[in-house]
Protein chains: 2
Amino acid sequence: MARKPKQQRSKATVDAIVEAALIAIARQGPSATTARQVADIAGIGVGSLYEYFEDKDAIFNAAGARFVDDTVAMIKPLIPELVRMNIRDAVSKLLFTFRDFLEENNQIYLKCARHAFSQDMVMHQEPINRALMDLFTQYLMHHPELLRMPNIPAVAYFYINGGIFTVIRHLSEEKPTQSFEELTMVFGDFLASYAEHKLGASNATQ
Amino acid sequence: MARKPKQQRSKATVDAIVEAALIAIARQGPSATTARQVADIAGIGVGSLYEYFEDKDAIFNAAGARFVDDTVAMIKPLIPELVRMNIRDAVSKLLFTFRDFLEENNQIYLKCARHAFSQDMVMHQEPINRALMDLFTQYLMHHPELLRMPNIPAVAYFYINGGIFTVIRHLSEEKPTQSFEELTMVFGDFLASYAEHKLGASNATQ
DNA sequence: ATCTGTTTCCGAATTGAATCCGAACAAGCA
DNA sequence: TGCTTGTTCGGATTCAATTCGGAAACAGAT
C-alpha cells in the first residue's frame, strides 16, 4: 500500500488507475464508483489498486490532482497574452479557453467537474487559485492605473470565486438556463464597470 | 422502511433523526458519518432509522431539506424591506441577515454548509434559488429604471451564484483571507457599478 | 382494567463493498 | 540458470448499511 512505482511497468499501472478513475468519475461520480470498477476499467486486479494508493479516496485525490495540474498548465501560458488585453477581452479569452480545455477528451474533465466541483477535489484546487491570482496580479502590473481601485483583495476574491469558478460551475450544469457567452460577457462587464466606476469621477464609497 | 409517522411519538423520532444528522454532518461531514452514529446521537436504535428513511442518503437529504426550508423562511420575510433599499444596502442587509442565520444554533448550519455546499444538498437548493430570484424580480419591480439594464437574466445568475452563494461559501471557509464585511461591500459595489454604468449617467442607486 | 389490532422500536443477522494479504508471476542481475 | 526483488492477482477479512422478526408502547373498544 502506497508504494512508489520502481519499474516502468508499474508507472503505467498507476497511470492507468488514475485514467480509469477519471473515466469512472465522469460516468457516475465518485460516490457511485466502486474500487472494482476502477480496477476493471484500468484492466488490472482490485488488489493492485492498493499497491499504490492508500485507499479509494487517495485514488480520487490523485485524479483530482491530475485535473488541477492540467488546468494550471492550461492557464499559465495564457497569462502573458491576457495581461495585454482589456478586461472584457481578457475575461472572454480566459473563459473560452477554459471551456475548450474542459471539452477535450470526450468532456471527461467537464463531466468530472460536475461531480468534482462538489467533492473534496475542491480542497486541492488551491494551485488553480494561485494561477488565477497570479494572472490577476500580473494584470494589475500591466495596468497600474487599476491599483487605485479600493479593496483589491476582495475584488480578486470575487474575480476568482464569484466570476471564473461561477462560470465554470455553470458549464457543468445539466440544463443551463443561461448561455455561456452571455454569462462571460456580463462577468467581464461587472469587472470592467467596477474598475471604471471606481477610477472615474469621484469615489462614492470607500 | 419509508413509513409515514402516524403517532406523535414517531414524529418526534423523525425529528430527532434529522437533528442528529445535522449535528453529525456539522461535526464530521456526511461521508464520515455512519448510520450508527446518527442513531446514537438521536438516542434511538439503528433499525429505527430505516423505519422512516429509505437509506442513509435519504436522511441527509431530509437534513438538507430542513436547511433549505429554514433558509427560505429566513429570506422570504426580508423581501418587502429589501426592495425599498438601494442596491448596496439591500445586499448588505441580506448578507448580514444570512450570516446571523447561519450562526444560530451553535453554528450548526454554518458547519453543515462547509460540507454541504459540496454534497448533493446543493441539488435541493433550488428553493433558495427561487427565493433569491423572487427578491431580484421584486427589486426590479420597485426600481423600474433598472429594467433598462441589458442581460438581466445573466445578471440575476451572477447576483445569486457569483454573489450571494460566493459570500456564503466564503463564510464557511476555515481560514478566511478576506473579511466578510469587505466582500459584502465589494459585491454590492459590483452590482451597483454595473447598474450605474449600464444606465448611463443617471443615478440609479438613489 | 383488560383485550386487540396497530404503530413504533429495536439490535442481532445479512449483505456487499473496501481493504488486506500471501501465493504466483515477471524482471533484473550474477 | 538460480536468486532476489518488484508486481499482480483474487480470495479472505473487515466494517458499515440495511433487513427482519419479534417485543414494547399505544389507541380504542369493551
Side-chain angles (χ1 to χ4, degrees), chain A residues 1-65 115-116 119-121, chain B residues 1-65 115-116 119-121:
Chain A
M1 64 302 262
R3 253 187 327 102
K4 276 281 151 48
K6 304 266 169 94
Q7 302 183 356
Q8 196 51 42
R9 178 164 66 124
S10 61
K11 286 200 179 67
T13 301
V14 170
D15 224 55
I17 293 172
V18 172
E19 295 284 339
L22 285 170
I23 293 172
I25 292 173
R27 279 219 270 261
Q28 356 166 283
S31 52
T33 300
T34 74
R36 217 164 281 271
Q37 273 175 323
V38 174
D40 286 349
I41 296 176
I44 62 169
V46 226
S48 301
L49 295 179
Y50 295 90
E51 293 295 328
Y52 304 102
F53 296 97
E54 197 57 48
D55 52 20
K56 200 171 65 149
D57 258 7
I59 297 174
F60 291 154
N61 285 342
H115 306 282
Q119 290 288 325
D120 42 13
M121 228 182 233
Chain B
M1 58 302 266
R3 260 187 321 102
K4 277 281 152 47
K6 304 265 170 97
Q7 301 181 359
Q8 198 51 41
R9 179 165 64 124
S10 61
K11 289 200 178 68
T13 301
V14 171
D15 225 56
I17 293 173
V18 173
E19 295 284 338
L22 285 169
I23 293 171
I25 292 173
R27 280 218 270 262
Q28 350 166 288
S31 52
T33 300
T34 74
R36 214 165 283 272
Q37 275 176 323
V38 174
D40 286 348
I41 296 175
I44 64 170
V46 228
S48 300
L49 295 178
Y50 295 89
E51 293 293 332
Y52 305 102
F53 296 97
E54 197 57 47
D55 53 20
K56 199 172 67 149
D57 257 9
I59 297 174
F60 292 155
N61 285 342
H115 307 282
Q119 290 287 324
D120 42 14
M121 226 183 236

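Protein chains get the first letters and strands the later ones, always in sequence-line order, with residue 1 at the start of each.
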Checklist entry - Looking only at N and O atoms, is any donor in the side chain of B/Gln7 or the base of D/dC26 less than 3.5 Å from an acceptor on the other one? => result no
Next on the checklist: Does C/dC9 have its OP1 or OP2 closer than 4.0 Å to a side-chain nitrogen or oxygen of B/Ser10?
Outcome noted: no
Item to check | Distance in angstrom units between B/Leu49 CG and C/dC9 P, rounded | outcome: 11 Å
Item to check | Test item: B/Gln37 and B/Arg27 side chains (from C-beta on) under 4.5 Å apart, heavy atoms | outcome: no
Checklist entry - Rounding to a whole Å, what distance do you find between A/Asp40:CG and C/dA17:P? => result 12 Å
Item to check | Nearest-Å distance for atom pair CD1/P, residues B/Ile17 and C/dT8 | outcome: 12 Å
Checklist entry - Taking atom C1' of C/dC9 as reference, at what distance in whole Å does atom CG of B/Asp15 sit? => result 17 Å
Checklist outcome for this item: Contacts of B/Gly47 and B/Pro5 projected onto DNA chain C by closest heavy atom; the upstream (5') one is B/Pro5
Next on the checklist: For B/Gln8 and B/Arg36, find the nucleotide of DNA chain C closest to each by heavy atoms; which residue's nucleotide sits nearer the 5' end?
Outcome noted: B/Gln8
Checklist entry - For B/Arg9 and B/Ser48, take the nucleotide of DNA chain D holding the closest heavy atom to each; which residue's nucleotide lies nearer the 5' end? => result B/Ser48
Checklist entry - For the pair made of CG in B/Asp57 and P in D/dA16, what is the distance, rounded to whole Å? => result 17 Å
Item to check | Whole-Å gap separating P (D/dA17) and CD (B/Gln37) | outcome: 8 Å
Next on the checklist: Apply side-chain contact (heavy atoms from CB on, under 4.5 Å) to residues A/Val18 and A/Tyr52 and explain how you reach the verdict.
Outcome noted: CA-CA 11 Å; A/Val18 172; A/Tyr52 304 102; over 6 Å; no
Checklist entry - With sugar-phosphate meaning primed atoms plus P, OP1 and OP2, does B/Ile44 contact a base, only sugar-phosphate, or nothing at under 4.0 Å between heavy atoms? => result sugar-phosphate
Next on the checklist: Please give me the minimum heavy-atom distance between B/Phe60 and B/Ile25, naming the atom from each residue.
Outcome noted: CD2-CD1, 3.7 Å
Next on the checklist: Tell me the interatomic distance from B/Tyr52, atom OH, to C/dT7, atom P, rounded to whole angstroms.
Outcome noted: 10 Å
Checklist entry - Can you tell me if the side-chain N/O atoms of A/Thr13 get under 4.0 Å from OP1 or OP2 in D/dT7? => result no
Checklist entry - Within this structure, what is the NZ-to-P distance between B/Lys11 and D/dA27, rounded to whole angstrom? => result 11 Å
Checklist entry - Does the side chain of B/Tyr50 get closer than 4.0 angstrom to OP1 or OP2 of D/dT19 through an N or O atom? => result no
Checklist entry - Got a second to check how far B/Lys56's NZ is from B/Leu49's CG, nearest 0.5 Å? => result 10.5 Å
Item to check | Heavy-atom pair of closest approach, residues A/Ala20 and A/Val38 | outcome: CB-O, 3.5 Å
